Amino acid sequence: MALLQQVDERNLMEIGQELHQFASELYPICRSITGDGIRETLARIGKRIPLQISEVPSGTQVFDWTVPKEWNIRDAHIKDSTGKRVVNFQQSSLHVMNYSTPVRARMSLSELRPHLFTLPEQPDLIPYRTSYYKPDWGFCLSHNQMLSLTDREYEVCIDSTLDDGYLTYGEFCVSGRNSEEVLISVHACHPSLANDNLSGLAVATFLAKLLIGRELRYSYRFLFIPGTIGAIAWLARNREKANRIRHGLVLTCIGDEGGFHYKKSRRGDAEIDRAAAHVLRHCGEASEILDFSPYGYDERQYCSPGFNLPVGCLMRSVWGTFPEYHTSADDLKFIHPQQLAGSLRACASILDVLEGNRKYCNQNPYCEPQLGKRDLYRSTGGQTIGAEINARLWVLNYSDGEHSLLDIAERSGLPFSMIYDAAELLKQSGLLGVATGSSGAESGSR
Amino acid sequence: MALLQQVDERNLMEIGQELHQFASELYPICRSITGDGIRETLARIGKRIPLQISEVPSGTQVFDWTVPKEWNIRDAHIKDSTGKRVVNFQQSSLHVMNYSTPVRARMSLSELRPHLFTLPEQPDLIPYRTSYYKPDWGFCLSHNQMLSLTDREYEVCIDSTLDDGYLTYGEFCVSGRNSEEVLISVHACHPSLANDNLSGLAVATFLAKLLIGRELRYSYRFLFIPGTIGAIAWLARNREKANRIRHGLVLTCIGDEGGFHYKKSRRGDAEIDRAAAHVLRHCGEASEILDFSPYGYDERQYCSPGFNLPVGCLMRSVWGTFPEYHTSADDLKFIHPQQLAGSLRACASILDVLEGNRKYCNQNPYCEPQLGKRDLYRSTGGQTIGAEINARLWVLNYSDGEHSLLDIAERSGLPFSMIYDAAELLKQSGLLGVATGSSGAESGSR
Amino acid sequence: MALLQQVDERNLMEIGQELHQFASELYPICRSITGDGIRETLARIGKRIPLQISEVPSGTQVFDWTVPKEWNIRDAHIKDSTGKRVVNFQQSSLHVMNYSTPVRARMSLSELRPHLFTLPEQPDLIPYRTSYYKPDWGFCLSHNQMLSLTDREYEVCIDSTLDDGYLTYGEFCVSGRNSEEVLISVHACHPSLANDNLSGLAVATFLAKLLIGRELRYSYRFLFIPGTIGAIAWLARNREKANRIRHGLVLTCIGDEGGFHYKKSRRGDAEIDRAAAHVLRHCGEASEILDFSPYGYDERQYCSPGFNLPVGCLMRSVWGTFPEYHTSADDLKFIHPQQLAGSLRACASILDVLEGNRKYCNQNPYCEPQLGKRDLYRSTGGQTIGAEINARLWVLNYSDGEHSLLDIAERSGLPFSMIYDAAELLKQSGLLGVATGSSGAESGSR
């Protein structure tokens with residue numbers, strides 16, 4: 001179980017701090033679905049793992065959508081009559097509604113009011129708002145700050161540009177023995193929000209790093225993309241590659257203190273769904289499995305009925321259900337080294353299951369083989385056997401060419417790693433052979 | 001969702017009172033499986049909806065059964081020696097065992113005793129008893145009254161006739177675009193018992209009225225029939241028509257204060273079973289779904305293995321489980337306007353599901369279509385979407401020609417009406433097309 | 001339901017005492033997987049039922065295993081310097097590790113220590129230990145006794161032989177109309193342990209006795225065999241016969257005070273699995289159904305993937321889970337007449353289900369047949385029907401050639417015996433015919 005081992009060989013808290021450190025580095029950047037913010041973000045990921053950058057011109061048709069103009073912003077503020085910046089983009093990238101059109105004007109509070117977004121029920125927090133496809137401008141601020149504004153004239157400035165340009169995304173690819181692919185997809189478009197989705201960016205980057213230089217069964221593709229339009233653009237331009245995706249995970253909101261939530265793919269019983277559920281059941285943390293629903297992150301696109309790819313979504317707290325979601329409270333204090341490292345461990349374990357899951361054939365299917373003469377059993381009878389020997393019996397009994405190691409792990413209640421180790425041992429003893437032509441078996445999928 | 005709307009446009013309590021009023025009008029009539037009581041009952045239903053009356057001669061062979069002689073009764077009593085009527089048919093049609101042969105005699109209490117039916121454990125109630133197929137006579141009275149009879153001679157009179165005649169039933173039919181039929185079946189043979197089944201007669205009559213003059217997908221057939229022998233007679237004489245039944249409901253005991261019970265058809269997963277379960281889950285009242293069992297009302301015949309029709313049974317309290325069942329306590333106070341109206345609403349909602357349930361094909365199956373440019377999405381991003389938009393995403397994602405709107409309603413947990421409305425809107429936007437050749441789709445079933 | 005009836009015609013406590021008596025008779029014998037102990041055991045069973053004895057020579061190859069040398073033991077002891085037997089095989093056959101090689105030596109306690117087996121956490125009990133396949137010797141004793149041994153010289157004697165000889169097992173066979181077989185398998189190799197498995201030996205012997213002289217549907221084979229190697233030897237030598245096994249039960253640990261546990265066959269939904277679960281649900285004792293797992297008794301071999309026979313395992317307390325397991329506390333006080341008799345009843349009921357389970361065809365599938373005219377219904381209407389009549393309706397409704405009587409018993413919640421009786425009555429009335437060609441129907445399986 002090589003990937004998890006690679007994580008566990010190091011001090012977990014140290015890895016967690018590195019993950020948090022990377023999120024902190026990315027936090028101040030004002031990202032959007034296009035523009036220099038996401039370019040800068042990808043550049044910093046690219047220092048850690050080799051990243052291939054794609055630029056899709058504005059106006060490109062991608063299925064039912066059109067790549068929008070590129071948005072960039074230098075500065076924004078609301079100044080009061082004394083010239084004091086009462087709302088200042090330099091303090092938080094959330095203060096400007098993402099994709100705001102440029103504006104430079106003086107106006108009364110009542111004229112300004114329709115352009116101010118607040119959260120009356122969370123009066124101290126700045127909301128995160130966007131207007132990608134309807135030209136508009138606005139400021140986001142705390143409700144209390146809004147209430148403190150007096151009715152006089154304000155100077156309003158959004159120094160942004162919305163011009164023909166590009167939509168940018170990054171890909172990290174590593175080849176395995178098999179051309180079939182595992183997809184890891186993270187959205188990289190949200191500005192200063194830590195759990196959503198600097199947590200996903202950091203964990204995906206570190207997960208990718210684990211794969212470099214390894215002998216792998218599958219090929220892996222990591223997408224660091226703007227949400228929705230990015231996934232749509234990638235799918236529209238890579239239909240051939242999409243066909244090679246055998247398993248996939250969207251990673252989002254995986255740094256907070258909540259237990260894990262895994263949202264199943266539209267198929268509901270894909271191998272990734274079962275692998276994720278199995279790993280979470282054994283990970284030692286609270287976890288819950290959720291049925292697929294069409295609202296969410298980019299699994300929406302991968303699981304649209306025309307593609308119906310086996311792509312699930314791994315989260316800790318579910319987006320939309322925690323009060324910090326899409327507010328300024330989703331900051332660097334909301335994500336934690338320990339949880340980031342735990343999420344990396346879970347992802348590594350899931351990939352280990354995908355890499356190791358196969359169907360075998362017991363070469364001695366009539367009665368049990370005599371494990372004792374091969375030193376695979378305990379020598380003194382009368383005592384109950386241990387879990388390692390039990391795992392061997394499970395693997396032997398169910399390796400009939402029909403049941404995969406994951407099937408056997410599920411039935412037995414034993415962790416996949418123990419079942420896998422038993423299978424390796426039995427294979428070395430000549431008691432197991434790889435099942436030929438079985439779906440999911442490596443031989444059948446090259 | 002047109003039928004429910006038609007109910008809800010009026011004051012619900014008013015409808016409930018009309019339903020109760022109709023039950024009250026029918027209450028005093030002494031009905032049986034044949035004779036003038038059921039004729040009179042059908043005549044009064046026929047004043048509200050066009051009813052086609054059939055008369056099947058005594059002696060007609062219907063499958064394994066024979067239509068019995070026609071039973072009519074004018075009067076019956078037990079007089080004591082002073083000439084006082086101690087048991088008087090004029091006071092309650094339950095006092096005479098239904099189908100009693102004529103008798104006129106003087107006898108001692110000990111001779112009379114074997115012909116007296118009482119309920120020792122409910123000593124104030126008169127039981128309902130019948131002897132359709134074994135010639136016999138008897139009186140039903142409260143156990144306390146029986147105990148008060150002293151041991152002297154009584155004059156016994158049952159002024160009934162049991163002669164060759166007819167079995168009578170009524171049919172209401174309305175044609176839809178489709179020759180496939182929805183069957184609503186109610187037994188009309190019980191004498192002065194309100195919940196069982198004046199409640200069913202009243203609700204079915206009003207439900208039929210809702211259909212008149214409407215543009216309908218299915219054709220509808222309402223049967224007002226004597227229990228068991230009536231259903232058997234209809235099926236024996238209409239095997240061709242029985243083949244056209246796609247969905248069916250038996251209505252009984254739907255006026256009392258209990259929550260709903262729906263007993264599934266023998267098939268267990270018929271569309272009617274799923275439609276009824278869905279409607280009851282969302283109706284705001286307590287409800288329970290029961291598996292099919294072969295004992296019950298006329299679903300026994302429709303679901304006999306040779307027919308195996310998709311016919312379930314909608315009740316409030318389940319017959320046989322409430323103490324008033326088949327006693328004089330099942331009177332007009334036992335049924336209530338509010339519950340009668342609620343039952344009509346539930347029935348209308350179930351028919352709305354049957355009428356509206358179809359499979360569609362998302363015309364943009366690769367990634368989500370851009371709902372925003374069609375004004376079908378919220379314009380400011382960052383906030384969670386509402387249920388109406390969510391319903392559109394559900395319909396789009398699962399409209400792959402395999403999932404019906406009812407499937408989608410069940411998966412999403414949203415009410416069918418909301419899913420239906422979303423589908424109508426998406427159809428108007430050109431985003432949905434009707435799935436061709438799909439089972440359950442209208443196009444395939446004309 | 002003939003077999004259960006045969007049990008219930010006698011006084012149950014009396015049967016229980018006979019079962020316990022038989023276990024007591026077998027208790028002192030030192031059994032092993034080969035040798036005179038098991039021969040003597042089979043001889044005593046052979047006095048009660050006709051038993052065919054097989055002897056398989058040492059060295060015979062049986063699948064991946066080799067029949068070991070035959071082990072016999074006359075005496076064994078540890079004497080202290082005063083000549084007193086501190087550990088004495090004559091007092092308990094458990095004192096010697098089963099299959100100990102001969103030894104006759106004087107040695108210090110420290111030299112002896114590695115050959116002493118105790119249970120530190122159950123310091124008063126003697127453990128049961130074996131070393132069938134690794135030549136070794138040892139004594140088993142209570143931990144307290146071991147602690148009381150002082151550090152001086154001991155005289156150690158195991159007067160055993162381990163020579164070329166035979167593995168012995170017994171078979172009881174009875175022919176039915178059908179050559180398909182029901183297998184009952186019990187291990188007969190454990191020395192003085194009452195629940196494991198004198199309980200199984202006694203119940204199987206009495207169960208076999210019930211079958212003698214009866215008209216039976218299936219043929220029955222009872223195997224009294226050494227665990228593991230005996231089942232493997234039988235399967236290796238009887239592959240043809242193994243193919244005829246349609247249902248099977250391993251009986252073990254069925255005399256203690258615990259509720260029943262039935263471990264399903266590897267198939268999980270075999271008829272034996274459903275029959276056992278049904279009988280236990282209705283037996284009036286606590287019971288639990290366990291999924292198959294590859295560790296256990298001889299179901300391990302019958303359910304190896306090459307055979308995958310429909311063989312489950314009936315127990316009361318599950319081996320390995322009760323503290324008396326494989327210790328001297330599993331003695332004659334640990335098993336009880338009442339529980340032994342209850343286990344015999346459960347086994348008889350399970351065989352009754354297998355014998356009686358068939359698929360029928362309702363000869364009147366269109367609507368219900370009129371049961372009243374055949375005196376199969378109650379004559380006065382209005383009252384709820386009883387369970388016997390209800391059973392008839394269940395049988396009629398589901399006898400469509402697809403549902404077996406066991407299917408119908410499961411659906412209805414009624415005991416199989418009541419469903420079976422209803423079917424017999426309906427068959428006599430001409431209302432039921434045997435389904436032709438249906439799997440599980442007798443006609444199809446001759």
Side-chain angles (χ1 to χ4, degrees), chain A residues 359-405 407-414 418-419 422-423 425-426 429-436 438, chain C residues 32-33 61-66 68 94 97-99 117 119 126-136 138 140 189-191 193 196 227-236 239 242 266 268 291-296 298-308 319-321 325-327:
Chain A
K359 290 178 183 171
Y360 289 102
C361 271
N362 180 342
Q363 306 293 298
N364 257 282
Y366 293 99
C367 296
E368 291 177 10
Q370 192 177 4
L371 295 180
K373 70 184 182 191
R374 297 171 177 89
D375 273 337
L376 297 173
Y377 214 68
R378 52 128 171 74
S379 55
T380 303
Q383 287 170 303
T384 300
I385 57 173
E388 279 78 12
I389 296 177
N390 197 19
R392 291 168 207 156
L393 296 182
W394 276 101
V395 170
L396 285 169
N397 193 288
Y398 280 99
S399 286
D400 53 6
E402 299 293 323
H403 296 88
S404 70
L405 295 186
D407 292 331
I408 298 172
E410 285 181 352
R411 268 177 189 268
S412 67
L414 297 171
M418 189 177 275
I419 292 293
L425 209 56
L426 293 167
S429 305
L431 291 171
L432 276 194
V434 174
T436 52
S438 70
Chain C
S32 183
I33 55 172
Q61 197 66 25
V62 286
F63 293 122
D64 192 46
W65 300 62
T66 308
L94 297 180
M97 180 161 75
N98 213 292
Y99 253 67
F117 296 89
L119 296 167
I126 310 169
Y128 163 55
R129 291 291 175 269
T130 68
S131 189
Y132 300 136
Y133 299 101
K134 183 186 147 212
D136 199 0
C140 302
C189 53
H190 283 36
L193 296 167
D196 181 13
T228 304
I229 185 70
I232 294 169
W234 188 88
L235 286 165
R239 296 187 62 166
R266 185 177 184 273
D291 280 333
F292 178 74
S293 58
Y295 189 46
D298 286 330
E299 71 277 9
R300 291 163 74 159
Q301 312 310 329
Y302 304 123
C303 296
S304 57
F307 288 108
N308 198 20
W319 55 265
T321 66
Y325 175 70
H326 278 190
T327 74

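The chains referred to below are lettered A, B, ... by the order of the sequence lines, with proteins before strands, and numbering in each begins at 1. These numbers were taken from a predicted model, which means no experiment stands behind them.
Using a 4.5 Å cut-off between heavy atoms, C:Ile232 touches chain A through backbone and side chain atoms alike. For a residue to count as touching a neighbouring chain, one of its non-hydrogen atoms must lie under 4.5 Å from one of that chain's; by this rule A:Glu402 does not touch chain C. C:Phe292 touches chain A through backbone and side chain together, each having a heavy atom under 4.5 Å away. Residue A:Ile385 touches chain C through both its backbone and its side chain, counting heavy-atom pairs closer than 4.5 Å. Both the backbone and the side chain of C:Tyr295 come within contact range of chain A, with heavy atoms under 4.5 Å apart. Using a 4.5 Å cut-off between heavy atoms, A:Arg392 makes no contact with chain C at all.
C:Tyr132 places none of its side-chain heavy atoms less than 4.5 Å from the side chain of C:Ile229. At least one side-chain heavy atom of C:Arg266 sits under 4.5 Å from a side-chain heavy atom of C:Pro305.
Remark: C:Tyr302 engages no residue in a ring pair (Phe, Tyr, Trp, His ring centres under 6.0 Å) (not counting sequence neighbours). For C:Phe307, the ring pair (Phe, Tyr, Trp, His ring centres under 6.0 Å) criterion is met by A:Tyr366, C:Phe63, not counting sequence neighbours.
Counting heavy-atom pairs under 4.5 Å between each of C:Arg300, C:Lys134, C:His326 and chain A puts C:Arg300 at the top. Between chain A and the options C:Thr228, C:Asn308, C:Thr130, C:Asp291, heavy-atom pairs under 4.5 Å are most frequent for C:Thr130.
Judged purely by atom type and a 3.5 angstrom limit, A:Asn390 has no side-chain atom pairing as donor or acceptor with the backbone of A:Ala387.
Ionic pairing of A:Arg374 and C:Asp64 is present here: one or more N-O contacts between side-chain nitrogen and carboxylate oxygen are shorter than 4.0 angstrom.
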